[in-house]
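A short write-up of the structure that comes next.
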There are 2 protein chains.
Amino acid sequence: MIFEGSEKKLEISFHQQLDLLSVEETVWESIVSKANATILSKCENDTMKAYLLSESSLFVWKNKLLLITCGQTSLICTVEEIARQFGQENISLLIYQRKNEYFSHLQPTSFFDDVKTLSNKFDGEAFRFGEMDEHHHFIFHTTSNYTPDTNDKTNELLLYGLSKEVSKTLTDSNLSALEIREYLNLDKILIDFIIDDFKFEPYGYSVNAIKEDKYFTIHITPQEDSSYISFETNIDLQDHIEALISKLKPSSYDFITFTPLGNNNDLEVKQVQLNGPIEFRKNVYKNLSCGYQMSVDSIYVNSKKNNQPRIISMEN
Amino acid sequence: MIFEGSEKKLEISFHQQLDLLSVEETVWESIVSKANATILSKCENDTMKAYLLSESSLFVWKNKLLLITCGQTSLICTVEEIARQFGQENISLLIYQRKNEYFSHLQPTSFFDDVKTLSNKFDGEAFRFGEMDEHHHFIFHTTSNYTPDTNDKTNELLLYGLSKEVSKTLTDSNLSALEIREYLNLDKILIDFIIDDFKFEPYGYSVNAIKEDKYFTIHITPQEDSSYISFETNIDLQDHIEALISKLKPSSYDFITFTPLGNNNDLEVKQVQLNGPIEFRKNVYKNLSCGYQMSVDSIYVNSKKNNQPRIISMEN
């Protein structure tokens, strides 16, 4: 059964006077319900709370939240509720991102619809990173004055079209959450992290992990028709890309970074270093006026190998 | 303004006793109206009739029809009307093809929906040529016994992301149909063809051309946000690809061929010969059980050059 693994992502920073960590649980339940998602579980430390959702994740810091939802969720509908709960005037930065979807006919709205909704409430700019006929990522950000913390770097690794063997392994309904963690070698990456994960039935896997101010979230859509894995974190993923690619054997992947621009706005793009087989690579980047450089690398690994068409089931 | 140039295509062959050339005009009007298209004009010779539509084209031979529609048309809805008008029992082969769309949230149905509709009426098979995250083409064909004419070869050349200059030239609202023909050098390709073309307002262009049993149809969506040009014909396009690519400067293109399999079903794929710059190329092919080899080449030409994101208008 097909599933749209590609995420929509909402990141909102608030002015200092708010403390989101003291917000009642029911408020977060109400917010994620607007996206048609529910809270499954939670882990927390002194710096942040991490909620595992029925579709992806919510991270909450004192003055910031990061809400990621996949599938057919309506993330855009949470914006109004968040503005109502915390006051639109308290929002210092809003970034709304959508990865390109492959079953977009099943989505409740398009990014173009969402931009209309957002621009009715906020002054902002929107961009498409990548051509329409390649991997591409849409972003809207507010244009009010904002200076990010110098260490607020995030990166996303998105894997498309896992190898048949990997897909077969990860769709085994007997696989436990622990076995998936072992399969991904997460112990090597997430040393001393608090881990909260969930194995969906019959397959699918999500994990949130936190350690001090670091977060890491992984979401797996293993089925062959629409296989996809996303990694998003504020630890540096560079050192792990090679091992993950060689283990999960995607036909292609994207690597997206957000880097604070600092004092001068002319930061050169720091292209990710990639070893291993690459057939085609494209980088699109921009210094956004909201204070981050966004860079998107799209890499095709072994796409040429599969030159037979895929059978479409009559019951899809 | 965005427009989904990518076509849906329906090809139906009928048993010998029918003569579609003697069918009343109102019948074709009724059929294309089911796709929400209208007939704009017609040209004909002893072998075929070619109708230019508000969205693409209809070609009619004695025992065969080819209906191509683009935009947000509902081509699938014509199948029932065609079966009603001519008798489902008279259909010897039905091929339904959809190119991958880039604004699929605007489509009335998905290919997956269409396959359900078709498989309720016909025994058939369906395939996706190409990965979901690359250019890909869906096809459904009936599986009743069918042997194509040995000379029934067709090919399609689909150009995506025309260069800025080409897009600017072709969106000039003062451009006439004649000037577009000259720009495309159609006189060189369509020697002695009857030509029927139409310049849409403010831009966009369609042409049908016929000569004996040969047809040629071109549809241009020139606007930069969604630029696309399609060429479909049963003359050999190979000799013209290089000139067209060098003139229209797409960032990528597909070349699709349908070749009769003949007596033995093990025809080797004849990959198209391509000169000029190629960054990435993928070929997917299959010998279909309905008697044709379908081959899809996807070629990225100068995709790496444009490494800045595209601005999304708030009013899109």
Side-chain angles (χ1 to χ4, degrees), chain A residues 2 100-107 109-113 115-116 118-120 124-140 160-161 225-226 228 251-252 269 279-286 288 294 296 298 300 303-304 306-316, chain B residues 2 100-107 109-113 115-116 118-120 124-140 160-161 225-226 228 251-252 269 279-286 288 294 296 298 300 303-304 306-316:
Chain A
I2 57 170
N100 60 316
E101 291 127 5
Y102 294 110
F103 309 101
S104 56
H105 59 282
L106 299 177
Q107 292 295 321
T109 62
S110 72
F111 181 80
F112 303 104
D113 300 327
V115 159
K116 273 190 208 150
L118 290 165
S119 64
N120 281 337
E125 294 178 307
F127 301 95
R128 185 191 71 216
F129 283 65
E131 300 297 313
M132 280 306 285
D133 67 329
E134 299 173 6
H135 293 196
H136 55 275
H137 301 272
F138 293 106
I139 187 168
F140 170 96
Y160 303 88
D225 270 336
S226 51
Y228 173 82
S251 63
S252 62
V269 69
E279 286 176 1
F280 180 74
R281 172 190 179 136
K282 179 156 182 181
N283 177 263
V284 186
Y285 73 96
K286 185 173 175 64
L288 302 173
M294 177 175 175
V296 177
S298 294
Y300 294 82
S303 146
K304 279 180 196 162
N306 182 14
N307 65 358
Q308 281 293 300
R310 182 156 182 82
I311 296 167
I312 304 285
S313 155
M314 298 292 144
E315 282 82 41
N316 236 316
Chain B
I2 56 171
N100 61 316
E101 290 128 6
Y102 294 109
F103 309 100
S104 57
H105 59 282
L106 299 177
Q107 291 295 320
T109 62
S110 72
F111 181 80
F112 303 104
D113 300 327
V115 158
K116 273 190 209 151
L118 290 166
S119 64
N120 281 338
E125 293 178 310
F127 301 95
R128 184 191 71 216
F129 282 65
E131 299 298 312
M132 279 305 285
D133 67 329
E134 301 172 5
H135 292 195
H136 55 275
H137 301 272
F138 293 106
I139 187 167
F140 170 96
Y160 304 88
D225 270 336
S226 50
Y228 173 82
S251 63
S252 63
V269 68
E279 287 176 2
F280 180 73
R281 173 190 177 135
K282 179 155 182 182
N283 177 263
V284 185
Y285 73 97
K286 185 173 174 65
L288 302 173
M294 176 175 175
V296 177
S298 294
Y300 294 81
S303 145
K304 279 179 194 163
N306 182 13
N307 65 357
Q308 282 292 300
R310 181 155 183 83
I311 296 167
I312 304 284
S313 156
M314 297 294 144
E315 283 81 43
N316 237 316

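Protein chains get the first letters and strands the later ones, always in sequence-line order, with residue 1 at the start of each.
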OG of B/S252 to CD of A/E131, rounded to nearest 0.5 Å, is 8.0 Å
Rounded to the nearest 0.5 Å, what separates atom CD1 in B/I312 from atom CZ in A/F127?
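Atom-to-atom, B/I312:CD1 and A/F127:CZ are 9.5 Å apart.
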Side-chain contact test, heavy atoms from C-beta onward, threshold under 4.5 Å: evaluate it for A/Y300 versus B/K282 and give yes or no.
no
Does B/H135 reach the side chain of A/D133, with side-chain heavy atoms less than 4.5 Å apart?
yes
Apply the side-chain contact (heavy atoms from CB on, under 4.5 Å) test between A/P309 and each candidate in B/R128, B/K286, B/H136; give the one that qualifies.
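So the option named by the test is B/K286.
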If you look at every heavy atom in [X] and [Y], which pair is closest and at what distance?
| X | Y | result |
| --- | --- | --- |
| A/M132 | B/D225 | CG-O, 4.5 Å |
| B/N283 | A/N307 | O-CB, 2.9 Å |
| B/Q308 | A/Y285 | NE2-O, 3.1 Å |

Could you tell me which of B/F138, B/Y102, B/F111 has the largest number of non-hydrogen atom pairs under 4.5 Å with chain A?
B/Y102
Applying ring pair (Phe, Tyr, Trp, His ring centres under 6.0 Å), can you list everything that pairs with B/Y228, at least two apart in sequence or on another chain?
B/Y160
